[in-house]
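None of these values were measured; they are calculated from a predicted model. All ligand and atom numbering here is 1-based and tracks the order in the structure.
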Amino acid sequence: MLQIGDCRIVSVLEQEFEPRVDFLFPELNLASLAAEQSWLEPSHLDFPSGVVRLAIQSFIVKVDGLTIVVDTGIGEEKPRHRPEWHQRKNTGFLDSLGEHGDAPERVDLVVCTHIHVDHVGWNTRWMDGSWQPTFPNARYLIPLIERDHMRAQAEPPSYYADSVATLPEGMVDWVQPHHEICPGLTLVPLPGHSPGMVGLRIERDGKKAMLCSDALHSPFQLRLPEVSSSLCSDAGLARTTRHALLSECIAEDMLLVPAHLREHAAIRVHRDGHVFQPEFVDFVG
Ligand SMILES: [Zn+2]
């Protein structure tokens, strides 16, 4: 658990994901990170095999009697282009969610930080011959900009069709930037990785954290914040957003909780001369 004032956050790991560096970060020359190898290995990068080590996970946030699931991973029984995501079955993810937080029926809010394949999967599951909401009593908070971006495409991707468009319209709040969930919890715009991506900013009892989604995929981006992923819709804007976010973390003593951070709960950002320096914070209990 990670505690931010009276707000409690746990991670439910769905999958360890290890894409190739030359796929996810084609501009990255691993040799430029040689001086960082000792702390990036083995949790975040593997230099000999050239893979990035990421986690696909959901966060359960509990505050003010609310149970909030932030991002819903890959899901099950869905047709996907990657073999490790295609038609997954019997993964036990919902059991883990129940052990760490609450049964799906008791979830109050589901936040999708953006509409990408690894953030919306468990929004729905296949039951009785159709896609049904996995969290039947929840309201789903999804950025309006993300939906409009999907709707503007001639052929939206399959994950939009089976995991977002199939949600009953009455269960979804298409949220505007700076949407306040409850006192101290706000969805703030972090555009660049996708047009309408948001982070969940938490400020409770004077403590602060930002669940920053994919504004930062891997801790090496503290040393090389100019490197955006190949999956970013606007690499330049993603870079600008990341720089501003890292500076904000220092200025406001705010913990950074990236969606795909492996092994650790969060990063406390420091400045070391002209570069950013991570201090990892672990889950406790
Ligand atoms: Zn992602």
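- The residues Asp162 and Arg80 are annotated as salt-bridged, a charged nitrogen and a carboxylate oxygen being separated by less than 4.0 angstrom.
- Of the charged side-chain nitrogens involved, none lies within less than 4.0 Å of a carboxylate oxygen, so that Lys78 and Glu76 do not count as a salt-bridged pair.
- Aromatic ring centres of Trp85 and Phe17 lie closer together than 6.0 Å.
- Partners of Arg271 according to the salt bridge (Lys or Arg N to Asp or Glu O under 4.0 Å) rule, which considers only residues two or more places apart in sequence or in another chain, do not exist here.
- Annotation: protein N, O or S atoms under 2.8 Å of the Zn ion (ligand 1) (waters excluded) comprise Asp118 OD2, His119 NE2, Asp214 OD2, His260 NE2.
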Q: Walk me through it: do His193 and Leu190 pass the test side chain to side chain contact (heavy atoms under 4.5 Å, CB included)?
A: CA-CA 8 Å; His193 176 62; Leu190 294 173; over 6 Å; no
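- The environment of CD in Glu155 is sparse: at most 12 heavy-atom neighbours from other residues, nucleotides or ligands sit within 6.0 Å.
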